[in-house]
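See below for the structure under consideration.
Predicted model, so just to flag it, every value in this text is computed and none were measured. Note on naming: letters A, B, ... go to the chains in the order of the sequence lines (proteins, then strands), and numbering restarts at 1 for each one.
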Amino acid sequence: MNTEHLDTDEQRAFRLKAREWMAGRMPPRDPQEEPCDLGDGDQIAKDRRSQRILWDGGLAGITVPAAYGGQGLDKRFEDIFLEEAEPYRLPWVFGNAFNIVLPDLLAHGSEHLKTLYIPAMLRGEHMWCQLLSEPSGGSDLFGLLTRAEKRGDKWVINGSKVWTSGGHFCDYGICLARTDPAVPKHQGLTMFIVDMRAPGVTINPIQLVRGGSHFCQEFFDDVEIPEDHVVGEVNGGWTVAQTHLAQERISMARGWHIGLRTPAKAETIEVQTSYLDTARQLGLEKDRHARVLIGEAIAIDAVYAMTTARVGKGIRSGALPPTSGALSSLMAANTAVRRTALLSELVGPAGVAVLPGEEEPVIGMDRVCTHRIGGGTTEMQRNIISERHLELPREPSLDRNLPFNQLKHNSSAMAKS
Amino acid sequence: MNTEHLDTDEQRAFRLKAREWMAGRMPPRDPQEEPCDLGDGDQIAKDRRSQRILWDGGLAGITVPAAYGGQGLDKRFEDIFLEEAEPYRLPWVFGNAFNIVLPDLLAHGSEHLKTLYIPAMLRGEHMWCQLLSEPSGGSDLFGLLTRAEKRGDKWVINGSKVWTSGGHFCDYGICLARTDPAVPKHQGLTMFIVDMRAPGVTINPIQLVRGGSHFCQEFFDDVEIPEDHVVGEVNGGWTVAQTHLAQERISMARGWHIGLRTPAKAETIEVQTSYLDTARQLGLEKDRHARVLIGEAIAIDAVYAMTTARVGKGIRSGALPPTSGALSSLMAANTAVRRTALLSELVGPAGVAVLPGEEEPVIGMDRVCTHRIGGGTTEMQRNIISERHLELPREPSLDRNLPFNQLKHNSSAMAKS
Amino acid sequence: MDVGLTEDQIALQETTRRFLEEQSPIGALRRLADKDESFDPAVWRQGAELGWVGLFVPEDHGGFSEGFQGVVDAAIVAEELGRVVFSGPFHAVATVAFAVAQAGSDAQKAALLPALVSGDAIAAWCLSGTGAQSGVEPGGLAVTTRGDDHVIDGIAGYVQDAAIAQHLLVTARSDAGLSQFLIPTDTPGVTILPLELVDLGRRLAHVRFEDVVIGAEALVGEAGAAAAQVERQLQVAVALQCAETVGVVDRALEFTLDYVKQRYAFGRPIGGFQALKHRLADHVTQLEGAKAAAAYAAKAIQDESPDAAIAVSVAKSQCGKWGTEIVRDCLHMHGGIGMTWEHDIHFYLRRAVSNEALWGTPAAHHERLCALAGL
Amino acid sequence: MDVGLTEDQIALQETTRRFLEEQSPIGALRRLADKDESFDPAVWRQGAELGWVGLFVPEDHGGFSEGFQGVVDAAIVAEELGRVVFSGPFHAVATVAFAVAQAGSDAQKAALLPALVSGDAIAAWCLSGTGAQSGVEPGGLAVTTRGDDHVIDGIAGYVQDAAIAQHLLVTARSDAGLSQFLIPTDTPGVTILPLELVDLGRRLAHVRFEDVVIGAEALVGEAGAAAAQVERQLQVAVALQCAETVGVVDRALEFTLDYVKQRYAFGRPIGGFQALKHRLADHVTQLEGAKAAAAYAAKAIQDESPDAAIAVSVAKSQCGKWGTEIVRDCLHMHGGIGMTWEHDIHFYLRRAVSNEALWGTPAAHHERLCALAGL
């Protein structure tokens with residue numbers, strides 16, 4: 001796994017510096033720990049401290065230009081850093097900041113915004129969220145209704161965003177809003193930076209079916225934004241969003257959390273021993289039907305892992321287009337649904353009722369809660385695959401060319417909001 | 001099953017007449033016999049004779065007006081006839097004639113056409129086919145390309161029809177053709193009666209994957225049709241086709257072949273004993289996985305039978321709309337596909353290879369050949385159910401309002417033909 | 001279940017629906033769950049007063065049905081209960097009322113039935129053990145004799161409403177065969193072990209029997225000869241469960257259809273996208289199958305048809321499998337909002353998933369179908 | 001299988017594809033079937049000359065691979081064979097060539113391998129009996145000793161190409177364990193019983209052994225100690241079958257995509273309807289899974305990875321199930337024309353359905369996965 005033998009002298013020096021600096025300073029990795037709970041304030045505080053440690057050691061923003069506080073090194077140095085960081089918990093809560101906001105700013109941000117926000121991000125001072133989805137439209141991102149109007153030298157935002165991971169812990173958000181409703185829907189959007197503590201911002205956690213509430217809904221009530229806090233061009237938000245979404249896909253494919261991306265993952269089939277344990281507990285080891293169910297669960301897990309690895313390899317080598325991540329996403333969803341059905345059939349009533357000890361019957365609740373909605377519904381993944389990979393005709397579009405406020409549905413919706 | 005106790009005196013007299021006439025004259029029913037093989041000339045000849053026997057006994061066209069050679073009686077008499085006919089093989093090869101052409105003619109035909117064709121039909125003299133589907137469009141019936149042009153006092157037909165059941169044995173066909181390509185596709189159609197022996201008609205049997213070839217493709221090369229052989233209005237073919245398709249659906253739902261419609265079907269769950277025999281032959285009686293597979297096959301068969309019965313009852317009582325037959329059709333397709341998968345898994349290699357004796361491995365070939373395409377693909381059934389039953393929005397239509405010959409795809413297709 | 005209902009049945013359906021919409025709408029379940037409660041005793045009593053339990057009880061014990069006549073009507077009620085994911089102890093009480101009315105002694109009938117009919121008493125039905133196959137056949141409890149008494153040991157698994165019941169109808173096996181006993185829940189040696197559930201509107205428990213000594217007067221039917229009556233009870237229980245699932249799915253599909261017609265994306269109602277349309281067409285088709293199978297099963301039991309046992313397992317196969325499949329996709333079609341506690345749909349999915357797993361998974365009923373077919 | 005191929009492998013793929021397109025296109029199979037023939041010996045010989053069998057044979061016996069090195073390359077060839085639903089005896093000959101190269105005596109290697117490599121000889125591989133589980137484990141034949149000789153009795157089931165083979169590699173069980181023998185097909189007591197097939201481009205037979213007496217020189221490997229070599233052969237056979245299925249599905253999807261882009265209905269290409277688009281998206285996703293799993297399996301065998309056995313059964317699960325599912329829907333999307341003899345698609349579906357059922361159904365491999373995982 002370790003690629004130390006490939007190091008140049010310079011790389012070797014960097015490796016030793018990283019090794020030495022992190023030893024004793026960074027918190028150890030706990031394999032049992034949830035990678036990232038954006039509803040857990042303690043974890044967030046710990047990760048802020050860790051990020052500051054990396055900054056102080058010259059290990060923050062390894063590939064970010066030095067002008068914005070980074071190290072200005074190439075990708076090889078990041079791999080070396082990740083190898084050396086393997087024993088530690090890296091700060092996982094900055095996923096939005098590093099995976100999405102940073103590339104948005106580097107590609108489209110003004111010098112002012114870049115110097116204002118990137119170094120603070122690298123020091124672990126700011127947590128970021130992305131403010132894209134709205135209650136009125138999930139898959140139809142660019143049909144958003146949140147309005148931003150220019151009043152004097154300020155932009156004033158009104159509307160609502162939803163499914164914001166960790167919204168209530170965030171300092172800043174990158175927010176797409178409609179600045180010109182009189183043009184077709186893609187053309188009248190602008191990307192802003194919003195101070196989440198600004199007057200008029202209300203943040204409500206969303207309670208999920210299974211408990212937990214690291215998603216939030218935000219309401220913006222005349223929230224003022226300085227004129228220079230536009231990322232990219234006014235009414236050019238769609239272009240910024242393309243960068244944004246591409247980065248999101250790439251990050252999902254390679255692993256959202258820095259430090260969970262192991263540069264050369266061992267490729268061996270892992271069999272979930274819990275399946276076997278369950279069969280033994282139920283006395284079904286020799287039951288042929290149970291064995292068929294378990295064998296299928298083993299197989300679909302393995303196929304999913306192999307497919308993800310293959311798609312990742314294909315994207316990296318250029319053999320597959322970057323949108324191929326949709327194949328993995330769709331298979332993840334289908335595999336999860338099938339797995340819950342197999343395990344439910346295996347355990348029968350024990351899937352829906354258990355003696356106290358756990359908070360809930362896990363297998364049955366998995367069955368209730370396994371849905372691929374966040375991060376793009378299966379429908380959107382199938383659209384991407386069929387239209388971009390298979391080059392099948394696009395859906396007839398009824399809203400692509402008309403001015404946004406002349407679409408019947410929107411005119412009433414915007415009147416309400 | 002027999003409803004003799006409900007008879008009025010008149011009905012009783014009719015019953016006795018039917019009973020007496022058929023005894024010794026009609027061929028016996030063979031439960032093993034395929035109901036109708038439109039590729040089998042002997043069967044067709046036999047059925048022509050049987051229909052003539054019924055005619056001679058005053059038992060043909062029981063509900064057809066006397067003016068056209070029928071008995072002019074109500075539905076109750078038909079039920080009585082079917083009860084009495086139970087021991088015999090009724091003439092099954094006239095499905096198209098009685099289920100579809102007869103209602104088309106009664107609803108839309110001129111007096112001339114009705115007197116010309118209905119009595120001959122009832123005497124068993126003519127076999128009919130329907131000439132609707134074309135090679136260029138399966139589900140999109142009304143996108144048909146076959147042209148009919150008026151030349152003097154004749155119509156002249158050019159084009160091709162396909163999936164005609166028993167085309168090579170038929171005397172007449174009812175044929176939908178385009179008479180005005182300069183209007184939207186539904187508006188320029190006309191329904192004709194075509195003499196299948198006329199010059200210019202070529203009939204080719206289609207060889208299917210599994211053998212058998214009771215479907216044909218017809219080519220029309222300047223086929224002349226008398227001017228008075230239009231059913232309904234010129235350019236009013238769409239209206240006639242609505243009657244036609246509704247009758248087809250109703251007939252499918254109640255049973256295509258007269259005599260296979262038992263008026264008060266016993267409602268008991270029938271378990272396919274072949275499933276059990278197969279398990280025993282393979283020594284899998286006690287194998288739990290095999291039992292789960294077989295049990296599911298038993299269940300889906302039963303659910304399909306119950307659903308068909310329920311839908312039929314619902315349509316008759318008005319609780320369900322007439323299009324509800326689509327529910328049965330879709331379930332038939334889904335059930336058949338699932339059944340073949342279950343049985344294939346049960347028998348393993350014996351599904352794809354057998355010792356000689358049968359012509360082919362039945363279970364595996366069922367798996368290859370089980371598709372619901374004819375009689376409306378599953379996609380069309382799902383459209384009917386979602387748009388008409390669930391009242392979901394119709395598909396955006398790109399061809400409904402434009403003149404037929406201005407659709408890009410058609411202009412090139414019509415130039416070719 | 002609108003196909004083939006009589007006028008009386010339609011009236012029963014409408015009365016029940018109106019009562020439930022007023023007294024026990026789905027929102028009530030969320031309010032109960034927020035308080036960590038699982039049902040409202042007052043609503044149950046009112047429902048009982050409407051005659052829900054009396055459907056299985058003869059007139060002289062406070063009800064209004066003889067024999068198996070109440071099964072189809074009870075299925076109509078169960079379907080309505082499913083539409084609001086009702087939280088009261090209908091299945092447990094109805095099954096025990098049916099059992100005692102059919103097989104109980106006069107003393108048992110007189111003592112228990114009027115109180116069940118009025119909603120004053122709750123009874124639970126102990127059938128199976130705690131294994132993966134629990135729910136399709138008797139198991140878990142063994143009975144021996146000690147003098148004139150009967151002694152029960154073992155664990156009855158997944159017993160509905162045991163924790164709120166005053167009476168238990170217990171099925172136990174001896175060398176002679178199956179026996180059933182009607183005993184108070186507080187009989188010494190009986191321990192109720194409540195379970196954590198997926199379905200928040202229901203209560204299940206394992207019930208442990210340790211040297212539980214019972215007098216002969218507690219026998220329901222003949223000692224060692226209860227197999228046939230137990231089978232009938234199982235049929236009633238499963239048929240009512242299937243009818244309930246039909247109600248769950250029917251209602252979930254209804255509001256999902258409303259939702260997809262109103263929710264816009266890309267300038268169109270999402271219900272206009274063919275991918276959703278076709279899935280919904282499949283769902284309504286399988287729901288029609290579930291309605292057909294559930295109705296057939298109830299009717300077959302009521303008519304004492306020879307295929308009643310098969311019909312019940314056919315119904316469970318269809319309702320169990322498609323109940324979960326359809327409601328799961330209904331949730332999916334709601335998108336993000338379907339994943340929130342505030343939306344109703346998850347309560348429907350919880351009930352569908354639970355009904356699939358309890359009283360025999362579809363797979364367990366498939367095996368049973370083989371046995372019933374003689375394999 | 002384009003992800004991760006070396007340049008040499010791409011060249012092998014291209015050469016094979018070009019040869020097959022010229023010499024054995026899918027239409028050739030229809031012409032053979034119309035004549036009631038199942039393959040063309042001349043084409044097989046030419047294919048062998050391209051090196052298809054030599055991939056498993058060391059240089060001194062006419063081939064060019066040592067050990068397990070040929071497995072990935074052979075899988076590339078098998079995938080190409082799948083794309084034209086090739087009818088020659090590749091799987092049988094390749095598996096026996098692998099077996100003899102790995103475990104045969106020097107005399108056996110010298111006698112058989114050059115003739116297999118050149119296409120002059122055909123050999124068949126007898127593994128299992130005739131039961132429903134046939135194909136995943138040895139069975140059907142028993143061996144006893146009589147003096148220095150071995151005596152085989154029983155029936156080997158579903159043996160590919162036995163009817164055209166001059167040699168049989170036989171797996172038989174004694175009390176000591178498994179043994180393998182290489183014998184001429186015309187050995188006294190051996191009867192070939194050809195079967196009727198779904199797949200018209202393949203030949204299967206049951207092979208009956210009645211008191212078949214064989215000398216010790218026919219042993220392949222040690223008597224009673226062949227289990228490990230048989231397992232390896234099974235892995236190779238199944239991995240090649242999976243690779244072939246990938247080719248079958250890949251090609252069927254290719255021309256189905258072409259078809260749905262060109263076929264118009266309701267003024268649009270039918271491939272523009274979302275119901276079809278979404279199903280095709282599912283299919284290409286599962287095909288990607290099949291490609292990943294088949295490639296992983298071949299590589300794992302070649303690398304002698306400890307997870308090779310599991311990888312093979314995982315691949316069979318994925319390729320078996322989705323091969324049939326996808327090609328079936330491809331046929332469906334062709335509408336009426338797909339149901340005609342004249343169209344190619346049914347040959348693809350026949351091969352997919354057969355490959356799913358032979359050498360272990362997915363369900364049989366699921367059970368095997370449990371055993372391999374220690375359950």
**Report entry** Contacts with chain A made by residues 262-269 of chain C (heavy-atom distance under 4.5 Å), listed by residue number
**Finding:** R263(C), Y264(C), A265(C), F266(C), G267(C), R268(C)

Query - Part of E356(C) lying under 4.5 Å from any heavy atom of chain A - result: side chain

**Report entry** Contact origin within I337(C) toward chain A - heavy atom pairs under 4.5 Å
**Finding:** backbone

Requested in this report: Would you mind reporting whether V209(A) and T340(C) have side-chain heavy atoms less than 4.5 Å apart?
Outcome: no

Query - Per-residue contact mode, T361(C) against chain A (heavy atom under 4.5 angstrom) - result: side chain

Query - Most chain A-contacting option - heavy-atom pairs closer than 4.5 Å, from D329(C), V327(C), L331(C), L276(C) - result: L331(C)

Query raised in the report: Based on non-hydrogen pairs under 4.5 Å, which of L282(A), L284(A), V337(A), V162(A) is most in contact with chain C?
Result: V337(A)

Query raised in the report: Pick from G338(C), G360(C), G335(C): which one has the most heavy-atom pairs with chain A under 4.5 Å?
Result: G335(C)

Query raised in the report: Is there any residue in residues 200-210 of chain C with a non-hydrogen atom under 4.5 Å from a non-hydrogen atom of chain A, and which ones are they?
Result: L204(C), H206(C)

**Report entry** Contact class of T130(C) relative to chain A, heavy atoms under 4.5 angstrom
**Finding:** neither

Query raised in the report: Does any non-hydrogen side-chain atom of V354(A) lie less than 4.5 Å from one of L195(C)?
Result: no

Query raised in the report: Side chain, backbone, both or neither: which part of S136(A) has a non-hydrogen atom closer than 4.5 Å to chain C?
Result: backbone

Report task. Just give me the residue among P135(A), C369(A), G283(A) that pairs up with chain C most often, heavy atom to heavy atom, under 4.5 Å. Result -> P135(A)

Query raised in the report: Listed by residue number, which members of residues 340-352 of chain A have a heavy atom under 4.5 Å from any heavy atom of chain C?
Result: T340(A), E345(A), L346(A), V347(A), G348(A), P349(A), A350(A), G351(A), V352(A)

Report task. Tell me, for F273(C) versus chain A, whether the close heavy atoms (under 4.5 Å) come from the side chain, the backbone, both or neither. Result -> side chain

Requested in this report: Let me see the working for T378(A) and H332(C) under side chain to side chain donor-acceptor pair (under 3.5 Å), right down to the final yes or no.
Outcome: CA-CA 9 Å; T378(A) 42; H332(C) 179 86; 3.2 Å; yes

Query raised in the report: Could you give the distance from CG (L208(A)) to NE2 (H346(C)), rounded to the nearest 0.5 Å?
Result: 10.0 Å

Report task. Flag the pair R350(C) / M365(A) as yes when at least one side-chain heavy-atom distance between them is below 4.5 Å, and no otherwise. Result -> yes

Query raised in the report: Between V198(C) and P361(A), what is the shortest heavy-atom contact and its length?
Result: N-CG, 3.6 Å

Query - Closest-packed option against chain A by number of heavy-atom pairs under 4.5 Å, given L358(C), L349(C), I270(C), I345(C) - result: L349(C)

Requested in this report: For R280(A), check salt bridge (Lys or Arg N to Asp or Glu O under 4.0 Å) against everything at least two apart and list the hits.
Outcome: D277(A)

Query raised in the report: Within a reach of under 6.0 Å around CH2 of W163(A), are more than 12 heavy atoms found that belong to other residues, nucleotides or ligands?
Result: yes

Query raised in the report: Which is it for E379(A) and R279(C) under the salt bridge (Lys or Arg N to Asp or Glu O under 4.0 Å) test, yes or no, and what are the steps along the way?
Result: CA-CA 12 Å; E379(A) 285 78 9; R279(C) 268 155 45 205; 2.7 Å; yes

Query raised in the report: Do side-chain atoms of R328(C) reach the backbone of R367(A) as a donor and acceptor pair under 3.5 angstrom?
Result: yes

Report summary line: When rounded to the nearest 0.5 Å, the distance separating NE2 of H289(A) from NE2 of H366(C) is 9.0 Å

